[in-house]
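One structure below.
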Amino acid sequence: MALWHSRPYSAAMTTDAKHRLTDVCAEMAKAAKTAARDPADTALIAISKTQDADAIRPLIEVGQRLFGENRVQEAQGKWPDLIAETPDIELHLVGQLQSNKAEDALRLFDVIHSVDRASLIAALGKAQVKTGRHLRYFLQVNIGEEDQKGGCAATDVPDLLAAARAAGLDVVGLMAVPPADTEAAPYFALLGKIARDNGLTQLSMGMSGDFEAAIMLGATHVRIGTALFGAR
Ligand SMILES: *Cc1c(COP(=O)(O)O)cnc(C)c1O
């Protein structure tokens, strides 16, 4: 096998990625300034679901290091090679996780945003012991109380937090995806309140359509796909 390979992306793709990243960062900084927050207090997670490695590399090339995926299997197909190329990448799982994939998720990801039930907490606790890997976790809250959405009820947060800690999980904050087609800000404010009530400081909230509001309401992590990669 040859030790060289042609660059799989063009200079134009890199320029494009740089523009998109610069634009998103400028909008993030503006929102932070409006809320008198330090722009450095909100991390940008580039959500690369459905994007192949060649679409992701230009963003890595221009300095992006935090990435997010919503499916374990899809991530297993593209990230091991990308991480081998750029070891300081931090990979976040933002989609629903089945308990039987807990160990696979643990081996690949650094942070999991979708912890929402006792059975998953138990599986992750066991997988941590087995793999010797200890990640950071967000509890996902079904903030709009929607039937088909992942996340626990807001009232379940104290019990799940206690269970997660008892299982050895380092829970750093709360994550939510507000209902589509309604104003997100009230849900972001509510998530912030639930986090404060439970002594949690990190908030994973805000996507391409609503990240400015999320930052103004305290997001420490925004999860942005479309605005960085274009429409899926
Ligand atoms: C896809 C996805 C995002 C990114 O959404 P965009 O609207 O493309 O920015 C953020 N969070 C979760 C959980 C997602 O599944």
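Worth knowing before you read on, the calculation uses all heavy atoms, side chains too, and leaves out hydrogens, waters and symmetry mates. For the single chain, residues carry numbers from 1 onward in sequence order. Remember, it's 1-based here, ligands and their atoms both numbered in the order they're listed.
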So which heavy atom on T131 is nearest to which on L106, and how close?
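Heavy-atom minimum between the residues: OG1-CD2, 3.1 Å.
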A164 versus I121, closest heavy-atom pair with distance
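Shortest heavy-atom separation between A164 and I121 comes out as CA-CG2, 3.6 Å.
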Looking only at protein heavy atoms, which one is nearest to [atom], and how far off is it?
{"atom": "atom 14 (C) of ligand 1", "answer": "K49 NZ, 3.1 Å"}
{"atom": "atom 8 (O) of ligand 1", "answer": "T226 OG1, 2.6 Å"}
{"atom": "atom 10 (C) of ligand 1", "answer": "M207 SD, 3.2 Å"}
{"atom": "atom 9 (O) of ligand 1", "answer": "S208 OG, 2.5 Å"}
{"atom": "atom 13 (C) of ligand 1", "answer": "V94 O, 3.4 Å"}

Regarding ligand 1, does R223 bring an N or O atom to under 3.5 Å of one of the ligand's N or O atoms?
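Yes.
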Does any N or O of ligand 1 fall below 3.5 Å from an N or O anywhere on I47, backbone included?
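No, I47 has no N/O under 3.5 Å of an N/O on ligand 1.
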For the backbone of F229 and the side chain of Q51, can you confirm whether one donor and one acceptor N or O come within less than 3.5 Å of each other?
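It does not hold such a pair.
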Basic-acidic side-chain contact under 4.0 Å: K78, D81:
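No, no charged N to carboxylate O under 4.0 Å.
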Around H134, counting heavy atoms of other residues, nucleotides and ligands shown, do more than 12 lie under 6.0 Å from its NE2?
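Atom NE2 in H134 is crowded, with more than 12 foreign heavy atoms closer than 6.0 Å.
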Of all pairs that satisfy ring pair (Phe, Tyr, Trp, His ring centres under 6.0 Å), the ones with a partner from residues 80-107, not counting sequence neighbours
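Those involving residues 80-107 are H92-H113.
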What is the ring orientation for W79 with F67, classed by angle as parallel under 30°, tilted 30 to 60°, or perpendicular over 60°?
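Tilted, since the angle between the ring planes falls between 30° and 60°.
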Non-hydrogen atoms of H113 versus ligand 1: any pair closer than 4.0 Å?
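No; H113 lies far enough from ligand 1 that no heavy-atom distance drops under 4.0 Å.
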Element-labelled atoms of ligand 1 that are located less than 4.0 Å from some non-hydrogen atom of I224:
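Listed by number with element: 9 (O).
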